[in-house]
A.B. asks: 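Before we start, here is the structure in question, set down as structure tokens.
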Amino acid sequence: MKKILTLSFLILVVHCQLFSQMPDSLREENRRDSIIRYLSPLEYAFMMHEETKFMLRVPAIGVGVELELLPYTTGVAEVNWNNWYQRWNFNGQLRWYYGSKRKGVRNMSGNYMAGGYSSASFSGYGYYDNIYVRWGMQRRFLGNGLIDIGVNAGYRTERNFFNSNSSAYFNLATTASLGLGLVFNKNKFINRDKVCPVVKCYDVERFLLKINLSDLARIDYFGEWKLMIGNFQPSIAIEQKLFNSSFSLNFNARLIAETITRNIGETPHFESDVRGYELTGEARWYYNMQRRMRSGKGGNGLSANYIAAGARKHYGERYRFNRNEQSGLTLTTGIQRTIGKRLYFDVQSGVAAIQDPFHAQRIAAQFILDIRAGIKF
């Protein structure tokens, strides 16, 4: 028994001595391999094995950087397009990746808490400042993809340049950012066999039911006026593959509900509401599907880049008599990815030829940017 213990001790000492004399690159590779061994395919696809200290962020429209300041703590600076206000927006955050800390890997791919500041101007007549706290889920996807979904609770101040008027209010909103997260590690490598369950290398997806969770809800509360604005826009889509081809039909329905209330004394007083919908139907051609299949990045499904042509109809009603109705044709391009069993994202941009509701003979061009991320079935 003593000989066995002595021999085991000597083997352990020799192993530790050899490991301490390894080059840093080999030691890091062994450590990464040991981490990968315990990761699920989805965690591996989300790059939770790769330590990252700097990332160039390229959302759908915008650019920014994320830099590690302390272990599991990063700073984010970004300029992007604000869908709610249709303006360029500056955004800065200090993030703590508590989810990554539990796993012991500093990778900018995990759940986080953040404090931040954002600001934007409104076509020269005013600007806003917003201080907020945020809970979010950021995931790097297969090396260069980036998904950032969360909920912001903030205090916003808006000012008008012309009459010096200002207002301040609390707001609560869901947000989603999709794009590229570019890192520059020397030993970047992705084992395609390990991510096959995630990207469905050999699976055929013919039908998708998609529930969009980005820009789902927003609440603004103006304390000084006792005014509350609630906006709720659920969106659901179905997509059917046409036979065994690279073409599909996609139909999306979005409901629009907004309620504005103001307290007079202690009694809530109804101000107005907006009710409406937006319907979209389009034919999609996934032009790079065959190439993705040959390279093992996806199966014969609905996860690829596409070009789409279709029609869109928007209807809104305020006070039951003030109506806004638009319809027209659309031409767009986009990127859709299905992730595992239940996740998807879809980024789409293009133009729409919209009929002017006040002048039936006029056609107006409208820019389209739709960012959807959510659950699929």
Side-chain angles (χ1 to χ4, degrees), residues 42 45-46 59-60 83 136-139 141-142 145-151 173-179 195 197-201 203-218 231-257 276-289 292 297-314 330-350 352 368-377:
L42 187 60
F46 285 152
N83 283 335
M137 300 170 55
Q138 178 165 284
R139 298 293 188 270
F141 182 61
L142 295 181
L146 184 66
I147 309 169
D148 192 353
I149 302 174
V151 181
T174 61
T175 66
S177 176
L178 304 173
V195 299
V198 178
V199 300
K200 300 183 182 299
C201 298
D203 294 351
V204 178
E205 285 183 310
R206 299 187 180 277
F207 176 82
L208 289 179
L209 173 65
K210 300 174 285 188
I211 300 175
N212 178 29
L213 300 180
S214 64
D215 292 338
L216 176 64
R218 183 181 184 91
N231 190 296
F232 182 55
Q233 299 188 25
S235 175
I236 187 170
I238 58 173
E239 185 171 4
Q240 175 65 55
K241 188 178 179 68
L242 297 180
F243 307 106
N244 201 35
S245 69
S246 299
F247 293 87
S248 74
L249 295 178
N250 186 74
F251 299 94
N252 186 81
R254 180 168 65 98
L255 298 180
I256 303 170
Y277 60 84
E278 184 176 85
L279 302 177
T280 303
E282 60 189 11
R284 292 183 172 185
W285 172 45
Y286 288 93
Y287 60 86
N288 72 333
M289 182 178 294
R292 287 177 58 81
K297 295 181 178 180
N300 189 16
L302 298 168
S303 182
N305 302 358
Y306 63 85
I307 297 174
R312 176 175 294 195
K313 179 180 178 62
H314 175 91
T330 62
L331 181 63
T332 59
T333 182
I335 299 173
Q336 178 167 275
R337 297 290 187 269
T338 59
I339 306 171
K341 294 182 178 180
R342 289 291 177 261
L343 302 178
Y344 87 98
F345 68 84
D346 187 357
V347 181
Q348 184 181 69
S349 64
I368 297 174
L369 175 62
D370 285 331
I371 300 176
R372 303 186 181 102
I375 303 172
K376 71 178 180 71
F377 298 92

A.B. asks: Does NZ belonging to Lys341 count more than 12 external heavy atoms closer than 6.0 Å?
C.D. replies: no
A.B. asks: Could you check whether any side-chain N or O of Thr174 sits under 3.5 Å from a backbone N or O of Leu216, counting only pairs where one atom can act as donor and the other as acceptor?
C.D. replies: yes
A.B. asks: Indicate the atoms forming the closest heavy-atom contact of Phe207 with Leu209, along with that distance.
C.D. replies: CE2-N, 4.1 Å
A.B. asks: Parallel, tilted or perpendicular, judged at 30° and 60°: which one describes the rings of Phe247 and Trp285?
C.D. replies: parallel
A.B. asks: Between Ile368 and Ala352, what is the shortest heavy-atom contact and its length?
C.D. replies: CD1-CB, 3.6 Å
A.B. asks: Does any N or O in the side chain of Lys376 come within less than 3.5 Å of the main-chain N or O of Gly340, such that one atom is a donor and the other an acceptor?
C.D. replies: yes
A.B. asks: Determine whether a donor-acceptor pair (N or O, by modelled atom type, separation under 3.5 Å) exists between the side chain of Ser349 and the backbone of Gly334.
C.D. replies: no
A.B. asks: With sequence neighbours excluded, give me every salt bridge (Lys or Arg N to Asp or Glu O under 4.0 Å) pair touching residues 243-252.
C.D. replies: none
A.B. asks: Return yes if some donor-acceptor pair links the side-chain N/O of Gln240 with the main-chain N/O of Arg206 below 3.5 Å, else return no.
C.D. replies: yes
A.B. asks: When you look at Gln348 and Arg372, which way does the side-chain contact (heavy atoms from CB on, under 4.5 Å) test go after all the steps?
C.D. replies: CA-CA 8 Å; Gln348 184 181 69; Arg372 303 186 181 102; 4.2 Å; yes
A.B. asks: Looking at Ile236, is its backbone amide N or carbonyl O close enough to the side chain of Asn212 to form a donor-acceptor pair, meaning the two atoms are under 3.5 Å apart?
C.D. replies: no
A.B. asks: If you look at every heavy atom in Gly301 and Lys241, which pair is closest and at what distance?
C.D. replies: O-NZ, 3.5 Å
A.B. asks: Please report the closest heavy-atom contact between Ser248 and Tyr286, naming both atoms and the distance.
C.D. replies: OG-CE1, 3.5 Å
A.B. asks: Is the shortest distance from a Lys or Arg side-chain nitrogen in Asp346 or Arg284 to a carboxylate oxygen in the other one below 4.0 Å?
C.D. replies: yes
A.B. asks: Is the closest side-chain donor-acceptor distance between Arg292 and Asn300 under 3.5 Å?
C.D. replies: no
A.B. asks: Mind checking whether Leu142 and Arg337 have side chains closer than 4.5 Å, heavy atoms only?
C.D. replies: no
A.B. asks: Test your reading of the model: is there a side-chain donor-acceptor pair from Ser303 to the backbone of Thr338, 3.5 Å cut-off?
C.D. replies: yes
A.B. asks: Side chains of Glu282 and Thr330: is there a donor and an acceptor less than 3.5 Å apart?
C.D. replies: no
A.B. asks: Show your working on side-chain contact (heavy atoms from CB on, under 4.5 Å) between Ile256 and His314 and close with a plain yes or no.
C.D. replies: CA-CA 10 Å; Ile256 303 170; His314 175 91; 3.4 Å; yes
A.B. asks: Residues two or more places apart in sequence or in another chain: which of them pass ring pair (Phe, Tyr, Trp, His ring centres under 6.0 Å) with Tyr277?
C.D. replies: Tyr315
A.B. asks: Taking all non-hydrogen atoms of both residues into account, name the closest pair between Val198 and Ala45 and its distance.
C.D. replies: CG1-CB, 3.9 Å
A.B. asks: Report yes or no: does Gln336 contribute a side-chain atom to a donor-acceptor pair with the main-chain N or O of Leu302 at less than 3.5 Å?
C.D. replies: yes
A.B. asks: Work out which heavy atom in Phe46 is nearest to a heavy atom in Leu343; give both atom names and the distance.
C.D. replies: CZ-CD1, 4.3 Å
